[in-house]
Amino acid sequence: MSAQANSALARVVYDAFNNNDIQAILTLADNDIEFVLIPFDQHFYGLEGFGEFMQSFKAAFPDCTINLMNQVVSDEKVVNEFMVSGTHAGVLASPRGEIPATGRSIGYYVCEVWEVKNGKLAKVRTYFDTTTILRQLGVTPAPGE
Amino acid sequence: MSAQDNAKLVRAIYDMYNERDIEGIVAQATANVEVVSMAFGASMQGLDGYRQYLQSWATAFPDSRVEVSNVVAGDQGVVVEFRGKGKHTGPLAAPQGEIPPTGKSVDVPFCDVYQIKAGKVASLHNYFDSATMMRQLGLIN
């Protein structure tokens with residue numbers, strides 16, 4: 001794939017996410033996709049795992065949208081900086097526990113590093129700051145020992 | 001600059017950090033470089049800002065090392081995934097104020113996004129999960 005094609009692939013995927021078309025995204029992903037949430041060291045494997053993550057995120061933030069700000073592209077990879085915005089209207093599941101809907105709005109920055117294989121999304125590593133999200137939700141982490 | 005040149009420029013920055021050659025790093029940046037800590041919501045301007053940003057990590061974690069795991073290089077930008085490892089033996093500048101040394105060791109994944117203009121660093125966006133770091137420092141559960 002050319003750098004240009006990788007850039008276009010990412011744009012198509014984020015547009016589909018904004019249109020709630022999870023199925024369209026899955027047709028653009030490799031069967032053995034690995035999706036990693038770096039803050040939790042949480043790994044989702046395959047189309048099923050990747051699809052479940054997206055559905056669960058959409059359940060927590062049904063109106064959420066991704067606003068792409070910057071890309072760095074090479075022949076095999078594309079890195080995307082974007083802002084996620086939405087309203088916390090459903091249960092947010094994380095490895096550190098479930099947070100019931102707060103009704104609050106979020107807006108935080110994400111950096112996703114994609115590896116592209118045969119024109120499909122094969123690996124994603126996602127960087128963001130969970131402190132920012134908890135603060136926006138009005139949730140205070142318990143102090144350490 | 002080619003993508004390859006950009007990758008070389010940026011890789012050198014991580015080697016220089018490990019050698020504590022802060023001035024060597026700052027010399028790679030444009031005069032009006034902008035450094036943004038995405039987690040802390042802090043923006044630092046110019047060579048002084050870049051210097052303070054680098055120095056603040058070196059002050060909090062004097063023995064810290066960066067270990068690069070992946071570089072994505074384009075014609076105008078470079079992205080570096082790396083781990084920052086070190087012992088917290090100096091004051092750490094954080095949005096809620098200075099955190100006194102805890103003596104704890106951290107090992108945190110980071111992602112840096114650079115914009116390169118005419119062979120120099122024009123901007124840097126630094127991504128990491130501050131909760132991961134605060135947890136390793138024993139400050140939150």
Side-chain angles (χ1 to χ4, degrees), chain A residues 1-7 10 36-43 68-84 94-97 99 107-116 123-137 139-145, chain B residues 2-4 6-7 10 34 36-43 68-84 88 94-96 99 102-104 107-116 122-141:
Chain A
M1 292 277 279
S2 69
Q4 205 179 353
N6 293 338
S7 165
V36 186
L37 295 176
I38 294 288
F40 305 121
D41 192 21
Q42 188 180 21
H43 298 241
L68 189 61
M69 300 179 306
N70 181 42
Q71 290 184 312
V72 175
V73 289
S74 72
D75 289 343
E76 295 164 337
K77 294 171 188 167
V78 50
V79 178
N80 306 285
E81 290 183 273
F82 56 85
M83 174 169 261
V84 179
S94 92
R96 302 199 64 81
I99 304 172
Y108 61 95
Y109 295 106
V110 178
C111 185
E112 284 192 346
V113 181
W114 290 23
E115 295 182 17
V116 179
K123 273 191 185 175
V124 183
R125 288 183 295 278
T126 299
Y127 294 81
F128 56 96
D129 182 47
T130 57
T131 307
T132 300
I133 299 170
L134 291 178
R135 190 175 54 241
Q136 291 176 346
L137 296 179
V139 177
T140 312
E145 68 278 5
Chain B
S2 71
Q4 209 178 352
N6 289 338
V10 168
E34 182 185 30
V36 184
S37 169
M38 308 306 278
F40 288 164
S43 173
V68 173
S69 58
N70 182 37
V71 175
V72 182
D75 293 339
Q76 293 165 20
V78 180
V79 175
V80 180
E81 293 179 88
F82 66 100
R83 298 192 79 92
H88 180 214
Q96 66 270 33
I99 301 172
T102 58
K104 301 228 176 175
D107 178 352
V108 178
F110 288 86
C111 188
D112 277 345
V113 181
Y114 294 86
Q115 284 194 350
I116 311 292
S123 77
L124 165 59
H125 291 176
N126 171 261
Y127 291 83
F128 76 105
D129 178 35
S130 62
T132 297
M133 179 175 290
M134 297 308 162
R135 199 168 293 121
Q136 292 179 3
L137 293 176
L139 300 172
I140 61 169
N141 251 320

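The basis for the numbers below is simple: all heavy atoms, side chains too, and nothing from hydrogens, waters or symmetry mates. In what follows, chains carry the letters A, B, and so on, assigned in the order in which the sequence lines appear, proteins first and then strands, with residues in each chain numbered from 1.
Using a 4.5 Å cut-off between heavy atoms, B:Ala39 contacts chain A through both its backbone and its side chain. Interface remark: A:Thr130 contributes backbone and side-chain atoms alike to the contact with chain B (heavy atom separation under 4.5 Å). Of the two parts of B:Val108, neither the backbone nor the side chain holds a non-hydrogen atom closer than 4.5 Å to a non-hydrogen atom of chain A. Contacts between A:Asp41 and chain B at a heavy-atom distance below 4.5 Å are absent for every atom of the residue. With a 4.5 angstrom heavy-atom cutoff, B:Thr132 touches chain A only via side-chain atoms. In this structure, the portion of B:Phe110 lying under 4.5 Å from any heavy atom of chain A is its backbone and not its side chain. Contact of A:Phe128 with chain B is made through the backbone alone, with heavy-atom distances under 4.5 Å. The contact between B:Val72 and chain A is made by backbone and side chain atoms together, counting heavy-atom distances below 4.5 Å.
In the displayed structure, B:Gln96 atom CD is contacted under 6.0 Å by more than 12 heavy atoms of other residues, nucleotides or ligands. More than 12 heavy-atom neighbours from other residues, nucleotides or ligands sit within 6.0 angstrom of CZ on A:Phe82.
Considering A:Ile38, A:Thr126, A:Val113 as possible partners of B:Cys111, the one that fulfils the side-chain contact (heavy atoms from CB on, under 4.5 Å) test is A:Val113.
In this structure, A:Lys123 NZ and B:Asn70 CG are separated by 10.0 Å, a value rounded to the nearest 0.5 Å. Between the CG atom of B:Asn126 and the OH atom of A:Tyr127 there is a distance of 11.0 Å, given to the nearest 0.5 Å.
Counting heavy-atom pairs closer than 4.5 Å to chain A, the top-ranked of the candidates B:Gln76, B:Met38, B:Arg135, B:Met134 is B:Arg135.
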Does the side-chain contact (heavy atoms from CB on, under 4.5 Å) test come out yes or no for A:Met69 and B:His125, once each step is laid out? CA-CA 12 Å; A:Met69 300 179 306; B:His125 291 176; 5.8 Å; no
